[in-house]
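Model, not experiment: these values are computed from the prediction. Just the heavy atoms: all of them, side chains too, but no hydrogens, waters or symmetry mates, feed the values below.
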Amino acid sequence: MLWPALSALVAEIGFVVLAGLSPLLLNSIVLLMYFSWGYNSIQWVYTMSFFVFFFGGMSLGRILHKIPLFFPGISLGQGYVLGAALVSLVVFLCWKGSVSAFSKKDLN
């Protein structure tokens, strides 16, 4: 009786982690573009992000059920860890790029 409740809780925690990592990923990408190109040049990023999140969120619901076809033998928990590691890697690389782009700016 405890295992179904525990597995449902783990599934919900995975979605909470995904919901927390998604804005972090978007903000790190936007900051990299902001420090590289400037605010006026990335206005289209803010406009297009609405469409990406709207249509991407609908597509993500259809794609998540097909992941075991591409990665046979992977469990749901392993998928969450793999996704979190991938997002963390992208966030770190965007942070590194943002720091290097910001350090090249002339602030005077």
Side-chain angles (χ1 to χ4, degrees):
M1 179 113 156
L2 181 65
W3 290 111
L6 187 62
S7 66
L9 181 65
V10 167
E12 294 299 321
I13 289 173
F15 285 115
V16 168
V17 169
L18 178 65
L21 287 177
S22 297
L24 181 66
L25 178 65
L26 177 70
N27 286 334
S28 65
I29 292 171
V30 167
L31 278 176
L32 175 63
M33 290 179 183
Y34 175 74
F35 289 136
S36 298
W37 301 333
Y39 181 75
N40 291 331
S41 301
I42 64 163
Q43 284 298 321
W44 62 272
V45 173
Y46 291 115
T47 305
M48 295 306 293
S49 67
F50 169 76
F51 294 107
V52 168
F53 279 124
F54 182 74
F55 293 114
M58 290 190 303
S59 300
L60 187 64
R62 287 183 236 146
I63 293 172
L64 285 178
H65 299 292
K66 297 178 184 177
I67 287 178
L69 297 175
F70 300 113
F71 299 106
I74 192 169
S75 71
L76 189 62
Q78 291 171 336
Y80 287 142
V81 169
L82 181 65
L86 181 65
V87 167
S88 299
L89 177 68
V90 170
V91 166
F92 175 74
L93 291 176
C94 288
W95 171 77
K96 194 83 165 140
S98 295
V99 168
S100 83
F102 186 68
S103 65
K104 293 177 185 176
K105 293 284 182 184
D106 184 23
L107 299 177
N108 293 328

Under 3.5 Å, sequence neighbours excluded: what are the donor-acceptor pairs made by side chains of residues 89-99?
| unit_1 | atom_1 | unit_2 | atom_2 | d |
| --- | --- | --- | --- | --- |
| Ser98 | OG | Leu32 | N | 3.2 |
| Ser98 | OG | Cys94 | O | 2.9 |

message: By the definition side-chain contact (heavy atoms from CB on, under 4.5 Å), identify the one residue from Val30, Leu31, Ile29 that meets it with Met33.
response: Ile29
- prompt: Can you name the residues that form a side chain to side chain contact (heavy atoms under 4.5 Å, CB included) with Ala101, not counting sequence neighbours?
  reply: Phe35, Ser36
